[in-house]
There are 2 protein chains.
Amino acid sequence: MLTIGQLASYAGVTVRTVRHYHAKGLLPEPERDRSGYRRYGAAAVVELVRIRTLADAGVPLSRVRELLAADDEEFVAAVEDIDRRLRAEIRERQVHRERIAKLAAGDSLALPPEVVAYVDRMRELGFRERLVEIERDSWTLIAAQMPEQVGPWMAMKQAQLEDESLRRLYLDVGELVDCGPDDPRLPVLADRVAAFIEAAADGAEGVEEEHPVSDDLVALLDAAFVECFPGAVRMLELLEERGWTGWTNIRRSTPAPVAPALPADC
Amino acid sequence: MLTIGQLASYAGVTVRTVRHYHAKGLLPEPERDRSGYRRYGAAAVVELVRIRTLADAGVPLSRVRELLAADDEEFVAAVEDIDRRLRAEIRERQVHRERIAKLAAGDSLALPPEVVAYVDRMRELGFRERLVEIERDSWTLIAAQMPEQVGPWMAMKQAQLEDESLRRLYLDVGELVDCGPDDPRLPVLADRVAAFIEAAADGAEGVEEEHPVSDDLVALLDAAFVECFPGAVRMLELLEERGWTGWTNIRRSTPAPVAPALPADC
DNA sequence: GCTTGACCTTGACGCCGGGTCAGGGTTGCA
DNA sequence: TGCAACCCTGACCCGGCGTCAAGGTCAAGC
C-alpha cells in the first residue's frame, strides 16, 4: 500500500495537490491506517494519472470530474468546448500583445498616434506645457469613449495649428495658466475668442456634424478645462456675457437656437 | 463633480473595479461629500482610463502601479517583460490544445496510440475484459513515468500477441479473474508460465536491458496485478515454489543471481 | 410628506489551482 | 533514544474582481 507521498510522486504531483483533489471530490478518499494515514492502492495512481492528463491539457478541475465519467459523445463535445476556450484565451493574449506593442511604440499612454503627433507639434510651437497636458488628457478621454472619431477630429485640429492667426489666439489661451479671476487679459482674450467663433460660425460646416460628441463627454471635457485653469471659470462667464456658452462645444446662448459653432476644444 | 458610478461608466468599468483600484492604491481616494460619497474630478477619469489601458493590455495590476510612474527606460523594459509572459502563456495554451486534440483522437485517457491499438487487439482476440483493463492501467502508469520507453515495449508485446502458443497461455492467465486461492487450475497455469519463462530466459535478450523499468514501478505494477485478481497472490506463491519471483519483472529466486528473464508483464 | 427605485457606503466571502505555514503526531533508521 | 522524514488538519495567500448583505442617500413622482 502507498502513502500519499508515494502516490503523489508516482503521478508527478505534490501531496498538496492530491489532498486538493480529495477535497474537490475528484479522487475518492482512501482507507486510513490505524494512525490515520491515507493508504492507497495502485488503482489510485491510475486514477490520479488520468486526472493529471486532463488537467495538464488545460481542462478545469470542475470539468475533469465530468469528463472522467463521460461517455464518448459527451467527451468529444466537452473537448470541443475546452478547445474553444483555449482558442479564445490565445486570441485574448494576442490582442494584449498587440496593445502593449502599441503602447511601447507610441510614447504616451492611451493615446492614438495622431494625437501623439499633435501634442508633439504643440510643444514644438511653444505652447504652454499645461495647455499641452490638458489637450492630451482631453484626447485620452475622447479616445476612450469614441476611438474611431479621433482621426477626423485630429485632422481638423492639426490644420488649425498651422493657421497662424488661430495659432496665436490659442497660444494666448495658454496664458490662462497664470490668470487669476480678475486678470485684465481675460476680457481681451474673451473678445478675441468670441470674434473667432463668430467668424467661424458663418463659414463652412465643421467635423462636428458628422462626428458629434455626447453631451456627457462635453461636460466632462469642460470640467477638465475648469479644473486645469484657475481663470477658466471667469473666461466662461465673459463668453456668456458675449452670447456664447460652453467651451468644448461652444454655442450661442441667445434664446433662439442657431447652428452650432466650431468648437474651440479647450 | 462625478459620483463613483459616473466615473466608472466614463471609463467603461464597474463600480466594484474602481473601489478595487482604490484598495490597491492604483487610484487615489478622492474627497467625500457630506454624506460620505466619493466625488471625482475629470482628472480621475483620465487616470482611470490610463490604468485600464494598461490592464486591458494584460499588465498585472501590481505592474500597473509601477508603470504609471515609470520613465521611458523602465517602461520599455517592463513592456518587454510583459510580452515575454504573454508569449509564454500563449505557448502554454497551444500545448494544451495539442494535448486535448490527442485525447480526443485516441479513444482512451492517458494512453499513447500504440497502447490503444494493443488493447483493441486484445479485445478482438477475445481476452477477458478484466485482463484488458489491467493491461491498459499498467500502460497508463508506465506511460506516465517513462513515456519514451512505451514504443519499444509495445512492439514486443504486440509480437507476443501474434504468437499462438504464447497467446493461448496469456488468454488462460485471464482466467485468474475467476480463480480463488485454492483453484485447481492455478498450479497448472503456474507450470506453464514457469516453462515459458524458462524457455525464454535461454533465448535472445529482450527489450528490458535497453529499456529498464525502475524497481518502484515494477512493485507498483505487481501491486496492481494483485489488486485486480483474487488468485494473483496464490499464483505468485506457486511461481516462488518453482524458483521464480515477481510478475511484472519475473526473475529467478535461486540464491545466485542469474540473468533476468523476459517479463510476463502481468 | 411619503414612497419608490436607483444610487451610494463598508465588509465579507467566492472563484481557481494549488503554495505555504503552523502546530502537532508517526514512522523508520542509526 | 534521537533525529529526520514523513503524515495529519486547518488556515491564509495569490489576482481581479463578482456578488451578496445590510444599511444610508438622493431625485422624482404622487
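Per chain, numbering begins at 1; letters A, B, ... match sequence-line order. What you see is a predicted model, and the numbers here were worked out from it, not measured in a lab.
In this structure, A:Thr3 does not reach the D:dC6 phosphate: none of its side-chain N or O atoms is under 4.0 Å from OP1 or OP2. Applying the 4.0 Å criterion to OP1 and OP2 of C:dC8, one finds that B:Arg38 has every side-chain N and O outside that range.
The interatomic distance linking A:Leu26 (CG) with C:dC16 (P) rounds to 11 Å, in whole Å. We find that CD1 of B:Ile4 is positioned 11 Å from C1' of C:dC7, with the value rounded to whole Å. What separates CD of B:Glu29 from P of C:dC8 is a distance of 14 Å, to the nearest Å. Atom CD of B:Gln6 and atom P of D:dA27 are 11 Å apart (whole Å). Summarising the geometry, the separation between CD on A:Glu92 and C1' on D:dG15 is reported as 14 Å, rounded to the nearest angstrom. In this entry the distance linking CG of B:Asp56 with P of D:dG16 reads 12 Å, nearest Å. Computed from coordinates, the B:Leu48 CG to D:dC17 C1' distance equals 14 Å when rounded to whole Å. B:Leu7 has its CG atom 11 Å from the P atom of C:dT9, to the nearest Å.
A:Arg34 comes within 4.0 angstrom of the backbone, heavy atoms only, and of no base. Using a 4.0 Å heavy-atom cutoff across all strands shown, B:Arg63 reaches no nucleic acid atom at all. Using a 4.0 Å heavy-atom cutoff across all strands shown, A:Arg32 reaches sugar-phosphate atoms only and no base atom. Across all strands, A:Arg19 comes closer than 4.0 Å to base atoms (heavy-atom distances).
Taking both residues in full, the closest heavy atoms of B:Leu176 and B:Phe225 are given as CD1-CZ, 3.9 Å, listed atom of the first, atom of the second, then distance. Closest approach of B:Leu236 to B:Gly246, counting heavy atoms only: CD2-O, 3.6 Å.
With C:dC16, D:dG15, C:dG17 as the choices, the nucleotide that has an atom nearest any side-chain atom of A:Pro60 turns out to be C:dG17.
The pair B:Lys102-B:Glu98 does not count as a salt bridge, with every side-chain nitrogen at least 4.0 angstrom from each carboxylate oxygen. Salt bridge absent: A:Arg130 and A:Glu133 never bring a charged side-chain N and a carboxylate O closer than 4.0 Å. One finds no salt bridge joining A:Arg85 and A:Asp81 here, because no Lys/Arg side-chain nitrogen approaches an Asp/Glu carboxylate oxygen to under 4.0 Å.
For B:Arg65, the salt bridge (Lys or Arg N to Asp or Glu O under 4.0 Å) criterion is met by no residue, not counting sequence neighbours. By the ring pair (Phe, Tyr, Trp, His ring centres under 6.0 Å) test, B:Tyr21 is found to be paired with no residue, residues two or more places apart in sequence or in another chain being considered. Residues passing the side chain to side chain contact (heavy atoms under 4.5 Å, CB included) test with B:Glu241, sequence neighbours excluded: B:Arg234, B:Leu238.
Summary of the strand contacts: A:Val15 and B:Ser62 both lie near DNA chain D, and taking for each the nucleotide with the nearest heavy atom, the more 5' one is attributed to A:Val15.
Side-chain contact between A:Ile82 and A:Leu67 is present, with heavy atoms from C-beta onward closer than 4.5 Å.
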Taking only N/O atoms, report every protein-nucleotides 18-21 of chain C pair under 3.5 Å with atom names and distance.
unit_1	atom_1	unit_2	atom_2	d
C:dG18	OP2	A:Tyr21	OH	3.1
C:dG18	OP2	A:Arg52	NH1	3.1
C:dG19	OP2	A:Thr14	OG1	2.9
C:dG19	N7	A:Arg16	NE	3.4
C:dG19	O6	A:Arg16	NH2	3.2
C:dT20	O4	A:Arg16	NE	3.1

Do any N or O atoms of the protein come closer than 3.5 Å to N or O atoms of nucleotides 21-24 of chain D, and which pairs are they?
unit_1	atom_1	unit_2	atom_2	d
D:dG24	N2	B:Tyr37	OH	2.7

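Within the structure, the ring pair (Phe, Tyr, Trp, His ring centres under 6.0 Å) test picks out the following pairs touching residues 30-72 of chain A (sequence neighbours left out): A:His22-A:Tyr40.
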